[in-house]
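Basis for what follows: all heavy atoms, side chains included, without hydrogens, waters or symmetry-related copies.
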Amino acid sequence: MENKTVVVGMSGGVDSSLTAALLKERGYDVIGVTMRLADESRDFAENNRGCCSLSAVDDARRVCEIIGIPHYVMDFKALFRERVIDHFLAEYAHGRTPNPCIDCNRYVKFGGLLSRAFELGANFVATGHYARIEQNENGRWLLKKGVDTQKDQAYALYHLDQHSLAHFLMPLGEYRKTETRRMAEERGLPVAHKPDSQEICFVPNDDYKAYLSEHAPACLHPGDIVDMAGHVLGHHAGVPLYTIGQRKGLGIAAEHPLYVVRLDMEKNQVVVGGADDVFASGLIASDLNWIAIDALTAPIDVTAKVRYGKREGAAHVEPCADGHVRVTFREPQRAVTPGQSVVFYDGDTVVGGGRIDEAL
């Protein structure tokens, strides 16, 4: 008999709450777990939008009582600090722009939580992500986009491997967000209309510049803002305080709008240019994970997304001798940013993805 015990990662929001309710209705033995990721004395949820705050724990506990399932709070602070916060600071210090939510998914929610679930005797972990997991006729597990294209979160899950996919459940991938809220309301869940969390949970007020200034001041050195030819146009307080494609906050008066084109940590320069200069014809990526295939042994044509929320563009992907890939876009893509992720698709199926090292 199959072990149908499932640990549901519960953030106190509507998505994870409905996930727990749906799985119980479908005959699973559900255990609700809220992950403590940061010091709980820092309650970022005064506006009820934090995902790891005291109010989030209380909301998750109330939902579990209503559903009739056990609820536990598990301490993942050390893992979160090492894999997410420290990495966040290190990436900015090297002139790259990280995506902490992808790192949290990879190492904490889909790594650490799965290990804890097995220790509890569970066979599955479930989350409220808007993505789908399917198995093809050859037994290979596939990751697919959620039905709701506006909420699809498959981009942030490209790191999942065959072992993880076999033990994860994402029931909300079949629904739209409007349906999710309606279904939660029908089940009497008090978080049915709670706003979604849209901020980096460990960065107060979503002000990453203030966070860097407080926690990594050694990486901030004043320097020059230069144009594409190297002419000094202005000055900056630290290269990591800027992002590719940024227009506002440059403090430069110019005839035409200027955008951040490149961050040069070696020269301690922020390079700016015109709107056309922000586009890249391709990129180099590393730290790759393949889902729909075992490995990339020959060039393939896919669609590719270079940042969450962006549209996909047609791309040609070639394997390189060093384990990296070279991606060439059919049409240049805006603000291709080192440190972000590029994810490859075949229709609704995630082929794989990796970290952007360089824009071409």
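- No side-chain donor-acceptor contact under 3.5 Å links N289 and H159.
- By the 4.5 Å heavy-atom criterion applied to side chains, L114 and F168 are counted as neighbours.
- A 4.5 Å side-chain heavy-atom check between L157 and N105 finds at least one atom pair inside the cut-off.
- Counting heavy atoms from C-beta outward, S281 and F329 have side chains that stay 4.5 Å or more apart.
- Checked for salt-bridge contact, D287 and R106 meet the test: a charged N lies under 4.0 Å from a carboxylate O.
- Both the sub-6.0 Å distance and the 45° axial angle are satisfied by K209 relative to the ring of Y242.
- Both the sub-6.0 Å distance and the 45° axial angle are not jointly satisfied by K177 relative to the ring of Y130.
- Ring orientation note: the planes of F110 and H129 are tilted relative to one another, at an angle of 30° to 60°.
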- Query: Please walk me through it: do D161 and S164 pass side chain to side chain donor-acceptor pair (under 3.5 Å)?
  - Reply: CA-CA 5 Å; D161 58 20; S164 298; 2.9 Å; yes
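- A salt bridge links R140 to D294: at least one charged side-chain nitrogen sits closer than 4.0 Å to a carboxylate oxygen.
- Environment of NE2 in H163: crowded, with over 12 heavy atoms of neighbouring residues, nucleotides or ligands closer than 6.0 Å.
- Between the side chains of S286 and D357, at least one donor N or O sits under 3.5 Å from an acceptor N or O.
- Considering only heavy atoms from C-beta on, V84 comes within 4.5 Å of V108 through its side chain.
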- Evaluate the side chain to side chain donor-acceptor pair (under 3.5 Å) criterion for residues Y308 and S341: first the C-alpha distance (whole Å), next the side-chain angles of each, then the deciding distance (0.1 Å), finally the verdict. CA-CA 9 Å; Y308 182 73; S341 295; over 6 Å; no
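- Under the rule for a salt bridge (charged side-chain N to carboxylate O under 4.0 Å, His left out), the partners of R182 that lie at least two apart in sequence or sit in another chain are E186.
- We find that E179 and R181 are not joined by a salt bridge, their nearest charged nitrogen and carboxylate oxygen being 4.0 Å or further apart.
- Side-chain N/O atoms of Y92 and T97 include no donor and acceptor closer than 3.5 Å.
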- Residues V33, R116; criterion side-chain contact (heavy atoms from CB on, under 4.5 Å); working and verdict: CA-CA 10 Å; V33 169; R116 294 280 186 93; over 6 Å; no
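- Contact annotation: the side chain of K194 approaches that of D59 to within less than 4.5 Å [non-hydrogen atoms, C-beta and beyond].
- Under a 4.0 Å N-O distance rule, the pair K151/D15 does not qualify as a salt bridge.
- In this structure, CG on N268 lies 7.0 Å from NE2 on H221, to the nearest 0.5 angstrom.
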